[in-house]
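First comes the structure, then the notes that go with it.
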Amino acid sequence: MYKKIDSGILQELEHIVGKKNLITERENMEDYGHDEIALSHMRNYPEVVLRPSTSKEISEILKLANKHLIPVVARGGGTGLAGGCVPVFGGIVISLEKMNKFLELDEENLMATMEAGVTLMKFHQTLQEKNLFFPPHPGEESATIGGIISTNAGGARAVKYGTVRNFVRSIEVVLPQGDIVKLGGKLLKDSSGYNLLHLMIGSEGTLGIVTKGTFSIMPIPKASLTLIIPFDDVSGALKSVPHILCSGILPLSIEFVSSELIIMTKEFLKKSWPVQVGNVYLLIILEGEDMEEVEKASMKVSEVCLSHKAIDVFVAESRDKQDEILEIRSKIYEALKSKTVEAIDIVLPRNQIEPHLKRLSEIEKEADMWLPTFGHAADGNLHTHISKFNLKGEYIEDWEKKYEDVRRAIHDDAIERGGKISGEHGIGFAKKEYLEIFTDKSLLQLMKGIKRTFDPNNILNPGKIFDLTQEKY
Ligand SMILES: Cc1cc2nc3c(=O)[nH]c(=O)nc-3n(C[C@H](O)[C@H](O)[C@H](O)COP(=O)(O)OP(=O)(O)OC[C@H]3O[C@@H](n4cnc5c(N)ncnc54)[C@H](O)[C@@H]3O)c2cc1C
């Protein structure tokens with residue numbers, strides 16, 4: 001169905017972006033053919049990589065791609081974990097890397113506007129200089145604004161502030177047929193018809209290419225503390241969570257992780273970890289207007305956890321120590337990556353985490369496959385890592401034979417418990433068959449109908465979220 005890019009089309013593309021922003025040499029396209037998912041088959045070369053500088057250039061590329069039926073994939077930082085930016089049909093990859101300007105800091109409306117290729121790191125740093133703050137914190141700061149909008153990224157702070165969706169006020173987007181439109185505005189309310197802004201957020205580059213984003217921002221909370229609370233087992237840790245929330249304290253984040261994974265990650269990063277006891281930790285970040293408020297909250301949290309068999313409570317006060325703890329938590333995936341086949345991203349009602357973990361431990365034993373799991377204890381989003389190693393730590397030569405059954409069993413249990421396939425990484429290429437299996441048929445038809453309305457020729461990120469045709473690469 002799709003056409004190959006011939007020399008005539010290549011010339012037209014060069015005319016749009018300029019020679020130095022068009023890449024066709026294989027060795028220079030290597031980085032544009034994959035994201036951070038560990039599945040080695042989830043990569044493919046595009047025919048050409050384009051690095052446009054304006055929305056108008058993107059519009060012209062999409063008009064040309066529609067005319068010649070060429071698939072187009074938008075790429076941000078390539079940090080995705082679902083194969084979303086992999087050009088599975090070849091064609092064009094549009095990298096947003098040159099659209100990286102911070103456009104406006106509007107302190108009166110507390111909103112920031114920037115081009116889609118700005119990285120999270122740059123966003124955070126620019127705000128920090130002004131004592132301002134963007135709460136969502138997906139763990140990898142080389143992700144871009146366009147990427148976090150398109151995946152509706154989450155991260156550890158979602159328990160207090162929600163996901164990226166809660167902060168996006170407006171976007172500029174180039175629609176698949178080349179129209180440049182603005183959705184939303186510097187508004188905190190909007191009941192003006194169907195909300196296409198929220199349809200675009202989380203659509204994984206299948207409905208449009210985001211070129212600018214405006215986000216709500218906040219003043220930096222003046223005080224914060226990070227608590228590490230060790231437990232002998234995960235049950236006490238998880239049972240503490242609803243009691244913390246019912247006590248009226250809403251931490252910035254509540255994560256649970258095993259000491260085994262923390263030790264592995266601190267050794268990987270050559271960092272130190274201040275707590276030597278316990279098998280499972282709750283990592284809790286508290287923030288507030290002043291130290292007195294935060295310390296009071298810390299006492300309440302400690303009381304709750306100690307009454308649920310916490311062994312101790314370690315409190316990190318200095319900025320450096322808190323940052324070091326957060327860094328170790330954020331890099332667990334990096335430390336595990338060489339052993340991992342795939343990081344699962346299911347999300348469950350909070351009270352189903354514990355029974356799901358019990359089922360995981362049964363699956364782990366039945367398959368003799370190590371399934372390290374950690375996650376966001378307060379919002380139910382768990383990351384189980386399907387590994388290539390057995391419970392004795394030995395490499396499983398034929399892990400591919402077990403992988404699909406183990407993966408399916410984990411998802412079956414999550415769905416039975418009222419969960420969903422993805423809490424924050426998106427469906428991308430990696431999970432699309434599960435979306436078909438676990439989604440009501442009439443809802444799937446509605447989703448496919450929306451895609452056809454936006455993109456009748458199915459040129460924008462085809463083969464992602466679901467297949468419109470039977471074709472596979
Ligand atoms: C170590 C590590 C930790 C992570 N931690 C978290 C976490 O805590 N929470 C979380 O939610 N995620 C996390 N992620 C996943 C990843 O960082 C997020 O999914 C992020 O939102 C991807 O942004 P990106 O710019 O890298 O997008 P890419 O990977 O480049 O693309 C992701 C998807 O968005 C689309 N896209 C990208 N830019 C645009 C655009 N401008 N317009 C339209 N579509 C676009 C792509 O086509 C693709 O479908 C983590 C990843 C790593 C490697």
Side-chain angles (χ1 to χ4, degrees), residues 31-38 42 46 52 55 58 62 71-88 92-100 114-121 123 136-158 162-165 171-176 200-213 253 255 265 326-327 329-337 340 343 345 347 374-376 379 381-383 385 422-432 460-465:
D31 286 347
Y32 297 92
H34 63 89
D35 64 4
E36 283 297 315
I37 197 166
M42 223 158 274
S55 311
I58 295 182
L62 289 180
V72 180
V73 179
R75 180 185 179 86
T79 70
L81 292 170
C85 65
V86 178
V88 293
I92 298 170
V93 162
I94 293 185
S95 168
L96 277 295
E97 67 201 85
K98 297 198 86 181
M99 294 181 64
N100 61 0
M114 63 221 84
E115 289 185 322
V118 167
T119 60
L120 256 184
M121 189 181 290
F123 186 14
H137 193 267
E140 175 52 66
E141 292 201 336
S142 50
T144 59
I145 294 317
I148 64 168
I149 293 172
S150 302
T151 54
N152 183 26
R157 297 169 181 171
T163 60
V164 163
R165 179 184 301 285
I171 57 176
E172 181 187 82
V173 59
V174 186
L175 298 176
M200 200 58 75
I201 297 168
S203 64
E204 302 187 49
T206 62
L207 300 181
I209 299 190
V210 178
T211 46
K212 284 179 197 155
S253 78
E255 304 278 290
T265 311
L326 184 64
E327 190 190 351
R329 158 62 188 91
S330 299
K331 298 285 182 201
I332 298 173
Y333 178 72
E334 290 299 313
L336 271 174
K337 195 172 166 186
T340 297
D345 178 39
V347 58
F374 57 92
H376 313 300
D379 64 31
N381 185 199
L382 302 190
H383 300 306
H385 290 57
S422 174
E424 55 183 16
H425 297 162
I427 300 298
F429 186 70
K431 294 170 197 144
K432 64 179 173 179
L460 204 51
N461 213 0
K464 305 298 167 56
I465 306 183

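FYI, the numbering just counts along the sequence from 1. Whatever order the structure lists ligands and atoms in, that order sets their numbers, starting from 1.
Protein residues having at least one heavy atom under 4.0 Å from any atom of ligand 1 are Glu36, Ala74, Arg75, Gly76, Gly77, Gly78, Thr79, Gly80, Leu81, Gly84, Cys85, Leu96, Ala116, Pro138, Gly139, Glu140, Ala143, Thr144, Gly146, Gly147, Ile148, Ser150, Thr151, Ala153, Gly154, Gly155, Glu204, Gly205, Gly208, Ile209, Val210, Tyr333, Glu334, Glu424, His425, Asn461, listed by chain and number.
Residue-environment remark: NZ (Lys212) stays at or below the threshold of 12 foreign heavy atoms within 6.0 Å.
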Apply the test side chain to side chain contact (heavy atoms under 4.5 Å, CB included) to residues Glu255 and His376: give CA-CA distance (whole Å), side-chain angles for both, the deciding distance (0.1 Å), then the verdict.
CA-CA 5 Å; Glu255 304 278 290; His376 313 300; 2.6 Å; yes
Taking it one step at a time, do Phe429 and Val88 satisfy side chain to side chain contact (heavy atoms under 4.5 Å, CB included)?
CA-CA 8 Å; Phe429 186 70; Val88 293; 3.7 Å; yes
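There is no side-chain donor-acceptor pair under 3.5 Å between Asn461 and Thr206. Looking at Glu36 and His425, their side chains never bring a donor and an acceptor atom within 3.5 Å of each other. Judged by distance alone, the side chains of Thr211 and Glu172 do bring a donor and an acceptor atom under 3.5 Å apart.
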